[in-house]
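For reference, the structure discussed in these notes is given below.
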Amino acid sequence: MHWKTRSRLTGWLLGTVTIGFLLFQWAPMFTMFTLSFSGENGGTTFPMNGVSLHWYRNLWEADLFDDFKPPMLRSFLLALACSATTVVLSVCAAQAMRGRFRGNGLYFYLLLLGLMAPGILVGFGFAILTRLLGIEGAWNTTAYVVHVSWALPFGFLTMLAVFNRFDPKLEEAALTLGATRLTAFRRITWPLILPGVIGTALFGFSLSYDEYARTLFTSGSDGTLPLAVMAQLDRQLTPELYAIGTATTAMSLIVISLCAIGFWLRARALRGSPT
Amino acid sequence: MSTIRLRSPAAFWLALPAGLWMALAVVLPVLLIVWVSLWGGTSVSPNNPITFDNYQRFLSNQNYLWLIGDTLVQTAMIMAITGVLGYCIAYFLTVKVASPGWRVALFLAFVIPFWTSTLIRAIAFVPFLGVNGLLNQALMAIGLIERPIQAFLYSRLGISMAQVSLYTLLASGPVVYMLNSIPPALREAAMTLKAPPIIVFWRIILPLTLPGIVIGQVLVFLNVLADFITVTTVGGNKLAFLGNLILLFYEGSQIRATAVVSVLLMLLMLAGVTLALRVVDIRKIGG
């Protein structure tokens with residue numbers, strides 16, 4: 001067989017594998033999306049028994065026991081706080097790494113450790129710490145601290161990559177022209193790293209919003225959305241869970257596409273402007 | 001010259017908050033777990049003598065040893081599957097897809113689910129794998145099976161399918177990165193020197209992507225080893241791996257046993273990462 005034929009054959013083979021995997025990856029999610037719109041008598045599997053928004057309405061009108069609105073609000077606020085904190089800490093840390101302070105190699109590994117350590121260990125360890133200190137765990141105190149420690153390594157790595165990428169001559173020019181370091185950072189560096197900052201903020205938000213293991217050990221009595229979902233799953237799997245899953249997934253997709261569009265518009269604007 | 005002076009106190013002070021945060025929220029808790037796992041005595045208290053009794057008690061139970069072995073087998077299996085699958089997908093997306101538009105579209109279809117909740121994705125497998133689920137319906141529709149297969153859900157098979165779906169991207173991503181950083185001239189040079197494609201792949205592409213493979217394998221290893229969400233949602237509490245055991249002991253307020261399992265989990269992870277670092281130098285990847 002000629003090698004070109006063989007190369008095309010591998011192409012087809014690998015293509016089939018890839019498409020097959022993509023279908024396999026999306027099929028469960030589409031099953032969930034579809035079933036979330038099933039009729040009032042619909043269950044957690046097919047047949048759907050009609051098409052309705054019944055389960056979404058149930059979600060909205062639910063009270064007390066299976067009310068997902070308070071956990072959702074808590075998750076949202078926690079994710080916002082985590083996102084903001086992650087941005088500030090990772091920009092500072094990455095900027096500091098450029099200063100090559102003493103022990104920066106060790107520092108790099110310290111921050112990376114948060115990426116490696118599994119949530120179940122960090123959560124459990126932090127629960128021991130708070131118990132020894134006699135602190136009561138809560139979603140907006142202990143869980144917040146642990147969530148930031150999860151998002152921080154991602155933000156730090158993002159910001160390091162961003163700081164390494166732009167042309168240092170731009171900063172040098174500003175400094176040579178007499179700008180103070182603070183002014184140069186504010187007027188030159190900050191606009192350059194802004195896309196990375198937005199990426200970091202996204203990381204901070206979505207990592208916190210979806211976090212389960214760390215929250216389980218540290219959030220105390222008022223849980224976040226993933227905890228509420230898991231608790232409901234323990235009681236009974238209902239189409240309401242599919243509705244929640246569909247709603248949160250849709251929300252993530254909207255946020256991602258908004259950011260993608262933003263980046264694209266910005267890139268186009270930068271390309272269009274005279275340099 | 002940049003906006004921060006080399007080795008200045010400012011750099012140190014800027015680094016401090018993040019460093020302290022990680023030390024307090026990650027390093028200290030992990031050290032505390034090790035300490036608690038050594039507490040002796042009958043009551044749970046820091047004043048008790050330090051012993052290895054807890055470990056002895058745990059490791060003398062045959063069932064727990066089986067569970068550790070079982071977890072490792074499962075992890076190795078998922079690593080193998082996601083490794084091969086991830087490499088195929090990475091190779092196809094970066095090398096074989098010619099049109100940039102298609103490449104971006106396929107790549108997005110591959111990556112986007114990763115940005116959504118793992119818990120939700122795991123739950124979505126329940127209606128997918130169930131008796132009336134989409135997979136059974138599809139298999140029956142094309143006539144491969146006559147009756148729905150019950151063993152998909154609440155079984156090891158189901159857990160493995162969910163884990164492969166969740167973690168293949170982790171194995172694939174680093175390979176994509178390494179494949180993209182191979183200069184096209186290398187391949188052209190080898191082709192000009194009459195190397196057949198298989199030799200080009202075997203002698204040039206594969207060695208150059210090896211660091212990516214290893215990093216991907218480490219990520220999958222760490223995630224599967226500590227995974228308990230997939231096992232509880234798709235496995236329906238019928239099965240348990242190390243992560244589930246930690247949760248089980250914790251819910252039973254057996255803090256010291258929880259700590260023991262946690263430390264064992266940590267040791268397994270450290271061993272795996274150390275082994276991987278022997279194969280490739282992670283620090284070389286950035287430069």
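Every chain is numbered from 1, with letters handed out A, B, ... down the list of sequences.
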Please classify the contact between [X] and chain B as side chain, backbone, both or neither, with a heavy-atom cut-off of under 4.5 Å.
X       : value
A27(A)  : both
I19(A)  : side chain
A174(A) : neither
L121(A) : both
L182(A) : neither
L111(A) : both
L170(A) : neither
L237(A) : side chain
F33(A)  : neither
L253(A) : side chain
T218(A) : neither
Y107(A) : side chain
I256(A) : side chain
S149(A) : both

Open item on the list: R121(B) vs M32(A), test: side-chain contact (heavy atoms from CB on, under 4.5 Å). Steps then yes/no.
Closed with: CA-CA 9 Å; R121(B) 284 177 71 197; M32(A) 185 182 72; over 6 Å; no
Mind ranking [options] by heavy-atom pairs under 4.5 Å with chain B and telling me who comes out on top?
options                            : value
F185(A), F21(A), W150(A)           : F21(A)
A93(A), A161(A), G99(A), A184(A)   : G99(A)
F124(A), Y212(A), F101(A)          : F124(A)
N164(A), L160(A), V148(A), L35(A)  : V148(A)
T249(A), V145(A), V122(A), N104(A) : V145(A)
G15(A), P28(A), G125(A)            : P28(A)

Where [X] and [Y] come nearest, the two heavy atoms and their spacing:
X       : Y       : value
M22(B)  : P153(A) : CE-CG, 3.9 Å
I120(A) : G243(B) : CD1-O, 3.3 Å
G19(B)  : L110(A) : O-CD2, 3.6 Å
V26(B)  : A117(A) : CG1-CB, 4.2 Å
P127(B) : T31(A)  : O-CG2, 3.8 Å
L89(A)  : A18(B)  : CD2-N, 3.9 Å

- [ ] Report the relative orientation of the aromatic rings in Y144(A) and W21(B); use parallel for angles under 30°, tilted for 30 to 60°, perpendicular for over 60°.
- [x]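 Ring orientation, 0 to 90° scale: perpendicular.
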Can you check whether [X] reaches [Y] side chain to side chain, under 4.5 Å on heavy atoms?
X       : Y       : answer
L14(A)  : V95(B)  : no
Y209(A) : T116(B) : no
Y91(B)  : V17(A)  : no

Rounded to the nearest 0.5 Å, how far apart are [atom1] of [X] and [atom2] of [Y]?
X       : Y       : atom1 : atom2 : answer
E251(B) : L216(A) : CD    : CG    : 7.0 Å
S8(B)   : R100(A) : OG    : CZ    : 13.0 Å
S165(B) : M29(A)  : OG    : CE    : 8.5 Å
F24(A)  : L85(B)  : CZ    : CG    : 9.0 Å
I123(B) : M230(A) : CD1   : CE    : 7.0 Å
L132(A) : L32(B)  : CG    : CG    : 6.0 Å

Task: From CA spacing to verdict: side-chain contact (heavy atoms from CB on, under 4.5 Å), F126(A), I33(B) - done: CA-CA 9 Å; F126(A) 204 79; I33(B) 295 179; over 6 Å; no
[options]: which one forms the most heavy-atom pairs within less than 4.5 Å of chain A?
options                          : answer
A226(B), C88(B), A109(B)         : A109(B)
V34(B), V27(B), L222(B), T168(B) : T168(B)
P17(B), P113(B), A25(B)          : P113(B)

Given heavy-atom pairs under 4.5 angstrom as the criterion, report whether the side chain, backbone, both or neither of [X] touches chain A.
X       : result
L119(B) : side chain
W13(B)  : neither
L219(B) : neither
A138(B) : neither
P196(B) : neither
L28(B)  : side chain
I89(B)  : both
F110(B) : both

Task: With T118(B) via side chain to side chain donor-acceptor pair (under 3.5 Å) - residues at least two apart - done: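 Once residues adjacent in sequence are excluded, T118(B) has no partner under the side chain to side chain donor-acceptor pair (under 3.5 Å) criterion.
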TODO: State whether the number of non-hydrogen atoms from other residues, nucleotides or ligands found under 6.0 Å of L106(A) atom CG is greater than 12.
DONE: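 Counting other residues, nucleotides and ligands, CG of L106(A) stays at 12 neighbours or fewer.
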Open item on the list: I'd like to know if the side chain of W115(B) and the backbone of S206(A) have a donor-acceptor N/O pair within less than 3.5 Å.
Closed with: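 Judged by distance alone, no pair lies under 3.5 Å.
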TODO: For R131(A) and I255(B), run side-chain contact (heavy atoms from CB on, under 4.5 Å): C-alpha distance rounded to whole Å, both residues' side-chain angles, the deciding distance at 0.1 Å, then the answer.
DONE: CA-CA 11 Å; R131(A) 199 175 291 188; I255(B) 299 302; 3.5 Å; yes
